[in-house]
Amino acid sequence: AEAYAKEGAKVVIADINELHGAETVQAITDAGGEAFFIAGDSSKAEDNRRFVAETVARFGRLDIACNNAGIGGPALPTGEYPIEGWDQVIALNLSGVFYACRYQLEQMEKNG
């Protein structure tokens with residue numbers, strides 16, 4: 001996010017962790033960049049739709065996306081890996097990226 005802002009991009013930080021999101025926005029604005037934070041869960045389709053809607057409401061358009069939310073999950077052999085852990089990893093690392101791209105690309109296509 002900081003590298004994009006350094007190059008002049010207006011940046012949106014969307015994260016479930018409000019403290020880290022606020023710290024990143026502060027670092028960007030302290031360096032002269034423009035950024036804002038949206039709290040939400042990237043593993044949820046509706047939150048991804050809202051991230052895009054709030055971005056467009058704030059900046060008027062969406063041109064670039066960097067979907068880098070992800071978790072590693074438990075470091076266990078497959079036979080011991082908890083189903084709940086698997087579901088969390090897939091929800092964020094796979095479904096979350098799909099949801100983000102789904103709504104981001106829909107908006108980017110409107111830019112022409």
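What's counted below: heavy atoms across the whole structure, side chains too, no hydrogens, waters or symmetry copies. Owing to the predicted nature of the structure, the values given are computational and were not obtained by experimental measurement.
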J.: Determine the minimum heavy-atom distance between P74 and G85, stating which atoms define it.
T.: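 Minimum heavy-atom separation between P74 and G85: CD-CA, 4.4 Å.
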
J.: Using the ring pair (Phe, Tyr, Trp, His ring centres under 6.0 Å) criterion, which residues pair with F37? Sequence neighbours excluded.
T.: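 Not a single residue meets the ring pair (Phe, Tyr, Trp, His ring centres under 6.0 Å) criterion with F37.
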
J.: Membership question, hydrophobic clusters at under 4.5 Å side-chain separation (ILVMFWY): are F51 and V12 in the same one?
T.: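 Yes: a chain of side-chain contacts under 4.5 Å links V12 to F51.
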
J.: Identify, with sequence neighbours excluded, every residue that meets side-chain contact (heavy atoms from CB on, under 4.5 Å) alongside A22.
T.: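 Expected list: none.
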
J.: Can you list the residues that meet the side chain to side chain donor-acceptor pair (under 3.5 Å) rule with R58, with sequence neighbours excluded?
T.: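 For R58 there are no side chain to side chain donor-acceptor pair (under 3.5 Å) partners, ignoring immediate neighbours.
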
J.: For L62 and M108, which heavy atoms make the closest approach, and how far apart are they?
T.: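 Closest approach of L62 to M108, heavy atoms only: O-CG, 3.4 Å.
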
J.: Tell me, please, which residues at least two apart from E18 pass side chain to side chain donor-acceptor pair (under 3.5 Å).
T.: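 For E18, no residue satisfies side chain to side chain donor-acceptor pair (under 3.5 Å) once neighbours in sequence are set aside.
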
J.: Would you name the heavy atoms of S42 and N48 that are closest together and state the gap between them?
T.: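 Heavy atoms of S42 and N48 come nearest at O-ND2, 2.8 Å.
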
J.: Under the salt bridge (charged side-chain N to carboxylate O under 4.0 Å, His left out) rule, what pairs show up with a residue in residues 35-49, not counting sequence neighbours?
T.: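 Applying salt bridge (charged side-chain N to carboxylate O under 4.0 Å, His left out) to every pair that reaches into residues 35-49, excluding sequence neighbours, yields E46-R49, D47-R50.
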
J.: Enumerate the residue pairs fulfilling salt bridge (charged side-chain N to carboxylate O under 4.0 Å, His left out) with a member in residues 98-109, sequence neighbours excluded, ordered by first and then second residue.
T.: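 Every salt bridge (charged side-chain N to carboxylate O under 4.0 Å, His left out) pair that includes a residue of residues 98-109, provided the two are not neighbours, is R102-E106.
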
J.: Tell me, please, which residues at least two apart from A1 pass side-chain contact (heavy atoms from CB on, under 4.5 Å).
T.: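 Applying side-chain contact (heavy atoms from CB on, under 4.5 Å) to A1 gives V11, I13, T24, I28.
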
J.: Say whether, by atom type as modelled, one donor and one acceptor occur between the side chain of D15 and the main chain of A39 under 3.5 angstrom.
T.: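 Judged by distance alone, no pair lies under 3.5 Å.
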
J.: Taking only residues at least two apart or on different chains, which pairs with a member in residues 54-99 satisfy ring pair (Phe, Tyr, Trp, His ring centres under 6.0 Å)?
T.: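 Non-adjacent pairs meeting ring pair (Phe, Tyr, Trp, His ring centres under 6.0 Å): F36-F59.
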
J.: Among residues at least two apart in sequence or on other chains, which ones pass side chain to side chain donor-acceptor pair (under 3.5 Å) with D30?
T.: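 Listed in chain order: Q26.
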
J.: Which residues pass the side chain to side chain donor-acceptor pair (under 3.5 Å) test with Q104, sequence neighbours left out?
T.: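 Partners of Q104 under the side chain to side chain donor-acceptor pair (under 3.5 Å) test: N67.
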
J.: I64: what forms a side-chain contact (heavy atoms from CB on, under 4.5 Å) with it, not counting sequence neighbours?
T.: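 Result, side-chain contact (heavy atoms from CB on, under 4.5 Å) vs I64: Y4.
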
J.: Do you reckon V52 sits in the same ILVMFWY cluster as L105, going by side-chain contacts under 4.5 Å, direct or chained?
T.: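 Both belong to a single hydrophobic cluster.
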
J.: Go through the structure and list residues passing side-chain contact (heavy atoms from CB on, under 4.5 Å) with E80, not counting sequence neighbours.
T.: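 Counting only residues at least two positions away or on another chain, E80 forms a side-chain contact (heavy atoms from CB on, under 4.5 Å) with L76, P77.
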
